[in-house]
Amino acid sequence: MGRKKTLRCPTCGSLVTATDEEFPFCSDRCRKIDLGKWASGVYKISSPVLDPDVLEGTEGEPGQRERRDDE
Ligand SMILES: [Zn+2]
């Protein structure tokens, strides 16, 4: 039985053996990259991304105020 248990690093796709220190990642760097993806919401689908710049642009825009008609 010379079978080694290997997986592919979820970040870069390199082969990783189960005895590796950073298993299932090939390195500490790849693990941090993967954690960063979760933290930044890449895997989240339910929450929409709100761009603060877009919100600012729609508020207090000149020319969009109520127009006064002089009768
Ligand atoms: Zn990797």
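Count residues from 1 along the sequence. Remember, it's 1-based here, ligands and their atoms both numbered in the order they're listed.
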Legend entry - Distance filter under 2.8 Å, centred on the Zn ion (ligand 1) - protein N, O or S atoms that pass it: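 Less than 2.8 Å away from the Zn ion (ligand 1) sit Cys9 SG, Cys12 SG, Cys26 SG, Cys30 SG.
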
[atom2] on [Y] to [atom1] on [X], rounded to 0.5 Å:
X     : Y     : atom1 : atom2 : value
Thr11 : Arg29 : OG1   : CZ    : 9.0 Å
Leu7  : Phe23 : CG    : CZ    : 4.0 Å
Cys12 : Phe25 : SG    : CZ    : 10.0 Å
Arg8  : Leu15 : CZ    : CG    : 4.5 Å

Inset, instruction - List the atom of Asp34, the atom of Pro10, and the distance in Å for their closest heavy-atom pair. - result: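 Between these two residues, the closest heavy atoms are OD1-CB, 4.4 Å.
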
Legend entry - Within residues 19-28 or reaching into it, pairs that qualify as salt bridge (charged side-chain N to carboxylate O under 4.0 Å, His left out) - sequence neighbours excluded: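 Passing the test, one end in residues 19-28: Glu22-Arg31, Asp28-Arg31, Asp28-Lys32.
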
